[in-house]
Every structure is written in C-alpha cells, then in structure tokens.
Amino acid sequence: MSTDLPTARWQRIQQTMRNQGLDVLLLAGNAWRSDYLRYAIDVTLMEGEAVALITLDQAPQVWVQHPTEAARIRAERSTLHVHHAADFQAAVLQAMAQKGSSRQAAVPSSALPWGLAQGPWAQPVEATTAWLDELMVNKLPAEADAVERAALLADAGYAVFAQAARLGRREFELVADTEAWLRTQSCPENFMIVGSGGVEVRGMHPPGDRALQAGDLVTTELTPCVDGYYAQICRTLVVGQPSATQRDAYAVFSQALDAGIAAVRPGATHGDIARAQNAVFRQHGLGEYVGPEYTRVRGHGMGLYVDGPHVLEDVNLVLVPDMTLIVHPNTYHPAVGYMVLGDTVRVTEDGCRVLTHTTRELISVAP
Amino acid sequence: MRRGLMSWSHPEMPPERLQARVSEVQAWMAEHGVSALLAHTSIAQPSVVHWLTHFTPYWSEAMMVVWPTGAPTLLASLTKRVHPWMREVGLMGELIMAPRLGQQTAQHLLGRLSPSARVGMVGLNDLPWSVAQPLQQHAPGLQWIDASDGFAALRRASDAAELGLLAQASTKAQMALQAAPTSASLAAQTTAAIEHHARLAGAEEVMLRIAPNLSKPSAWLRVDGAMPLAPRYAVELSLAYKGAWVRWVRNFSADAPPADWSQAQAWWLQHMATPAQNAHQMAAPAVGTLQHGRIELCQGGLPLTPVMDTHTNPLPLPQGVRWGVTSAQLRLPSGDWFAAQPVQWAHGGGAAPV
C-alpha cells in the first residue's frame, strides 16, 4: 500500500481535530468495525477490541485487548505505541486521566464500548462520529483509486464464482472456490452472501449446504478488499438456460440499474438515485417490491466499510467527486424470486465512472 | 476470510442441549434475582449468543434476552426477510426485527418488567455505545448487573455436544494445514490452499496469520497484500465449525527442519500432556527460551479469550475448565518456533488433545 494514503488520512484527522477544538481523540474498533481505526492509524483488527489515543503532538498510543493482536500491530506499525492489558478499558481510562485535557472526544458510537463511552467528552460521541463519517464518505482521490482496484478484483472474483456454479454443487462450495481464489490475490477480506433457488427465495444469506438445481437463480454480492477499501458486485446467474419469465423479470432490474447509475452525478443525492431505480419498478407495476418487506436498500457507500447513509429515497446526502458507492436495485420479483444486480461507481466531475466491468446480462452457466 | 457454511446440524447440536443451556442460565438468574439476562452479538463478539441459540449474525447485530422461563427472545437489526434463515440455523423464541436495537430492546424489556428491575448483561462494559446509549435513555430506571463472571462459570462446563464440534473443528484445521504446499514463496499460495481445504470441509470461519520468516524474531502478521515467505515460516489457523473455535499452528521448512524443532516439539507434547494450571508452573523448554505460553478459553463474547499468559497474565486457570487452546512461541538457536492446539481437561485433572 502507498505510504501516502495513511499519512494523508492522518493529516485530515489532525486538521479536523484542530477545527473542532479537540486535542485528544479516543478512537475504538473491533473485529467487526475496524474501519475507523484503519482510517486514523492504518490498523485492521482481526480479533477482540482496541482503542487508540490520538493527540495533536505525539505518536498514537493503542491499547489492544488480545495479546496476539498487540504483538501483530506492534510488528506491522512501528510508529505506534502499542500496549496490551488484560483490562484494557481500565488502562485507557487511566491514560486519559493523565492527559488531563478537557478537550477530549471519543468515537465511533458503533464500536466504543459502554465502559469507555461515558466521558465526560467535549462533544457527544454521536457528533464526533458524524464528523469522522463525513471525512470517510468524502474521499481523497487515492481512496477512490483503492476502491477502483477492489472493483477489478470483484470482477475477477465473480468470474471464479460463475465458473464454480454448476449443477449439484453446494452453496458453500461456490464460496470456498471464490474465497480461495481471492486469497491467491493476497486479498485479506471479502464479504459475501448468496442465494439459490426460485420463487421461494426472498434474499441472500451466508452459504448453506443446498445443492444447485437446474433452472436455479444463483445470486451473490461479493465484496473484496484492497488496501482496506471494499468494492462490491451483485449479479444473478441461471443454472442452464434462463426461462422467458426470468429474462423478462431481469430486464426490469437491468433497466433500474441503468436509471440509478444515470442519476449519479455531483449535486444529486442518494435519494435521487433510489427514486430513479424505484420508478422503474413502479412503471412495471412492481412498486410494492421496493419497500422494506422485500428489500433493504437501493445501494450504499463503499469504502473502508459500508460508509455513510444508505441509498434510500429519504436520504439527502449530496454527491461530490470521488465518492464511491454501489447502486443495486436488488429485490424480490414475484414471478421468479430474489434477483440482484449492482455495480460500484465513482462520482466524477460530470457524472460517474462505472468501476464494475462484468456483463450486466443475465448470466447463464452450463448445468 | 469469514462467513463460510452456516448451518445447524441437529445430530451434532441437539435442540435439547441448547434448551438445557438456557435452563442453566435461567437457574443462575433465579439464584441471583435477575429478571432478564441480555447479551449483544455481532461477528466481533458472537459466542455468548451462539452458545445459547446456535445463531451468529453474518452482518449487523442482535440482542438476546433470556427470560426466567421459555426460549430466548432475539431482537435483530437484520432485515425481516432473513428471519426464516435465522430460524433455520438457530433456536430462539420470539424474533423481532429491531433496526433501532437499543431503543427497541429497552421497550421490549419495559413491556414485561418493572421500570427498576434488575437486568443482567453479559459483557456489560463491552456493549457498543450505539446500543447502550438508547438502551439507557429509554429504560433509565433499570438496574444493570454485569453477568459476565456468572456466565463464564456456566460456560466453562462444556458438554459433550460442544466437545464433539471442537473435535470436528480440530480435525478440519489439521487437515487444512496439511493441504498447504511446503515450498511456497508467497503467503498467498499457502493461505489459498488452507482456506480452500477448510471451507470445502465446511468451516464456518477461517482466520489466518503468518510468521513469514522464522529466522528472525517473529510475530504473527495479517496477510494484506503480497507477502514473501522465507524458507522457514509458520501459519496459525483459527477455524470455526458451527461456532466452535480452535487454533492450530504449522511450522514450515523448505529444507530439512532444524534439529531443534524436534526438541521443541518434544517439549510441546510434554507440555500438552500436562498443561500448566499456573503460568509459574509452565515447564521451561530444554532448548531455547519461552517467549510466551498462553491458554485461551471460550467463556464470553469473544470466540477465544486469553485467561493465562506467562508474560502478561500469569494467573491460575479458573475452576471447572473443560477445554481450551494452548499456544507457545519459542526462540530456538535456529530461530522462532510456534505451536498451538486445543486441549481437553478431564474432570479431576489430566488433559489430552481435542
């Protein structure tokens, strides 16, 4: 990874701390939500919890709950002062007290443990989380470049997935082939869920042991990580030749994705993108299938995590260049079952660049 | 990478066993005057809820509420569309879609409890603020009890079903490590082979760390980008099978292994046969120096929690421990050497590999 990007992120954190009048920032993460730690100090946790103490004038200190993780982070990030303590929350509170500053804040609300969250802080945890979220959503060009690299990996990973999807193979075997291939590319992490079957399928989930059958729709969202940044691809394939009903249904999703991507431009909002996609479903008499009973969101930000608010009709996040997101009109279709189709895009000066290159046709694999 | 096969095999984990575990918790609640017991779950801290329900969220988060009688309630931020899948892979009573997890948990509790009831929570201090803040705000009178120690004491008394899953996990991990090439020059070659084998064998989760050059003082590293391997390197594989986590290590040498590796292995086997109950009693190796010796248990939200460490936490093991993962790092004349594996303690002493 380029050394410039972690430095640039660090400088943004420091500048924002100055702007906010803070001189100490407590920043927490865990094995689920490590994105804030990655942003600030380029650390990704594999197990347990960690808390970084960031100041304006000293190298960051990090308290790590698990001793193996403490040793790993110490070896990987020599500029950090890494501590391990069995009761790491007590150690952090003691260090905070020694700082003696009244201009302290803590973040993020999704990972900050209750034992550390109760302050007193110069600003509410939610407010601190909001400004850090804003930094993470409004990306540096180098961050968007990393998402572009991840999108290329997602394309290649999907080709492996499609190759693995054959009659009789079980869902978890498809994922095994895909994940192992991603490992050959030194990819550290991938979020992936799947679905297989027909009209009875209402969504995706972790792979089970169901074996693929002829005529199945096989759905996946595949989300590999490069330099900490994720990109996602959503595609549907058919085991064997698609039926006319499957083709007709899929055409709605394809049209909706086109409409959603066409709405991505500076000044537009997440709400605009959602409405553009949903309008297509409504035109086809499928309006009830864009609500929460059948689907979740019309897309979301992509970054060190699923960053920022989701793509929904009531979300007013305004797009600016170098934001990265996936547009996906995934939902249930009453004639065929759950279908997915989604591309990662990068907002440009006059629209967006589609980073996903896999065909948007309904893919057919030999049974 | 994470999130492989997630399924519930009733022969391996009978529903009656899960119900019995819940009954044990309910007995503890009655003894301690606790009206409800809560545990939060995410992929970061999944193990309390998995032990009682066999459910782990692949994404997002959930709160389990154990009532004095009946099956636990689960409030989950996951979409309602995956509720059928959740019931397929886990055992729970009421299942509530709860995108506002903290607030809805508070409302759920106050719907059945007095505003000042005593409520236990496993991992109270670890609860994410995004859940804790609205929980506190919407149920300000509840008396919170940290139930972590009480739960841990129950949890350590493992049952036959859990030991069976651990044996499965242990076998799958060993076989996956054996599937790795011995002459890899990049970490990616090794991790891909291990990952593929483990996932095809039904591993739910796979986590790999690499010590890429054992000729130098080493630490386990995460593979994030190209990582060259020296002729001698080591791999730590942490593997979950249906919620049961183990760790195994394999040391690799492109050439004939150094002679001191066999001495280290002999020390390790001897250590394994009589695992230390106290770090001060951990036998020194005949060759080299012990960099650390560690025992981890599953007793809370984390899959494995270090409870004894020769350097940072030299405490005796808690009472009633049935299984754990031991690990060690030796600094030998030839370089570093690692080991880890699960062990099972019999009632009344004595231990054996899982």
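Here is how names work: the chains are called A, B, and so on, in the same order as the sequence lines, proteins then strands, and each is numbered from 1. Excluded from the calculations below are hydrogen atoms, water molecules and symmetry mates; all remaining heavy atoms, backbone and side chain alike, are included.
In this structure, A/Arg166 has no salt bridge (Lys or Arg N to Asp or Glu O under 4.0 Å) partners at least two apart in sequence or on a different chain. Applying the salt bridge (Lys or Arg N to Asp or Glu O under 4.0 Å) rule to B/Arg222 yields the partners B/Asp224; only residues at least two apart in sequence or on another chain are considered.
In this structure, the portions of B/Leu124 lying under 4.5 Å from any heavy atom of chain A include both its backbone and its side chain. For A/Glu173, the parts lying near chain B are the backbone and the side chain together; criterion is any non-hydrogen pair under 4.5 Å. If you measure heavy-atom distances from A/Val306 to chain B, the contacts under 4.5 Å come from the side chain alone. Contact annotation for B/Gln329: neither backbone nor side-chain heavy atoms come within less than 4.5 Å of a heavy atom of chain A. Both the backbone and the side chain of B/Trp220 come within contact range of chain A, each with at least one heavy atom under 4.5 Å from a heavy atom of that chain. With a threshold of 4.5 angstrom between heavy atoms, B/Leu200 approaches chain A through its backbone and through its side chain. With a 4.5 Å cut-off on non-hydrogen atoms, B/Gln136 touches chain A through its side chain but not through its backbone.
Residues B/Glu296 and A/His66 are in side-chain contact: their nearest non-hydrogen atoms beyond the backbone lie under 4.5 Å apart. Side-chain contact between A/Tyr338 and B/Arg81 is present, with at least one heavy-atom pair separated by less than 4.5 Å. B/Arg209 has its side chain within reach of A/Glu69: a pair of non-hydrogen atoms, C-beta onward, lies under 4.5 Å apart.
The two residues B/Ala44 and A/Ala31 come nearest to each other via the heavy atoms CB-N, 4.0 Å. Of all heavy-atom pairs between A/Glu47 and B/Leu304, the closest is OE2-O, 4.4 Å. A/Glu126 approaches B/Trp129 most closely through the heavy-atom pair OE2-NE1, 3.2 Å. Residues B/Val223 and A/Arg183 approach most closely at O-NH1, 4.3 Å, considering heavy atoms. The two residues B/Ala188 and A/Ser186 make their nearest non-hydrogen contact at CB-OG, 3.6 Å. Nearest approach of B/Ser42 to A/Trp32, heavy atoms of both residues: CB-CE3, 3.6 Å.
Between A/Thr68 and the options B/Arg247, B/Arg294, B/His292, a side chain to side chain donor-acceptor pair (under 3.5 Å) holds for only B/Arg294.
For the options A/Ile193, A/Asn30, A/Thr44, heavy-atom pairs under 4.5 Å to chain B are most numerous at A/Thr44. For the set A/Gln89, A/Gln185, A/Arg202, A/Glu171, the entry with the most heavy-atom pairs within less than 4.5 Å of chain B is A/Gln89. Taking chain A as the reference chain and counting heavy-atom pairs below 4.5 Å, the highest number among B/Gly225, B/Pro84, B/Ser327 is found for B/Gly225. When the candidates A/Leu45, A/Val125, A/Leu116 are compared by the number of heavy-atom contacts under 4.5 Å with chain B, A/Val125 comes out ahead.
Rounding to the nearest 0.5 Å places CD of A/Gln118 at 8.5 Å from CG of B/Asn125. Here the straight-line distance linking atom CG of B/Leu78 with atom CZ of A/Arg296 works out to 9.0 Å at 0.5 Å rounding. Of the inter-residue distances, the one linking A/Leu112 atom CG with B/Leu127 atom CG reads 11.0 Å to the nearest 0.5 angstrom. Distance check, rounded to the nearest 0.5 Å: CG of B/Leu221 to CD1 of A/Ile73 gives 11.0 Å. Atom-to-atom distance recorded for A/Asp177:CG and B/Glu195:CD is 11.5 Å, nearest 0.5 angstrom. From B/Arg199, atom CZ reaches atom CG of A/Leu174 across 13.5 Å, with rounding to the nearest 0.5 Å.
Salt bridge annotation for B/Glu88-A/Arg210: absent, with no cationic side-chain nitrogen under 4.0 angstrom from a carboxylate oxygen. Salt bridge absent: A/Arg72 and B/Glu236 never bring a charged side-chain N and a carboxylate O closer than 4.0 Å.
Put simply, the side chain of B/Ser7 never gets that close to the backbone of A/Gly208: no donor and acceptor are under 3.5 Å apart.
Relative ring orientation between A/Phe191 and B/Trp59 is described as tilted, the plane-to-plane angle lying within the 30° to 60° band. Ring orientation note: the planes of A/Trp114 and B/Trp144 are nearly perpendicular, at an angle over 60° on the 30°/60° scale.
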Legend entry - Verdict with supporting geometry, A/Arg170 and B/Leu5, side chain to side chain contact (heavy atoms under 4.5 Å, CB included): CA-CA 10 Å; A/Arg170 292 173 291 180; B/Leu5 172 63; over 6 Å; no
Inset, instruction - Go through the steps to decide whether B/Leu302 and A/Glu49 satisfy the test side chain to side chain contact (heavy atoms under 4.5 Å, CB included), and finish with yes or no. - result: CA-CA 10 Å; B/Leu302 297 174; A/Glu49 299 183 60; 5.8 Å; no
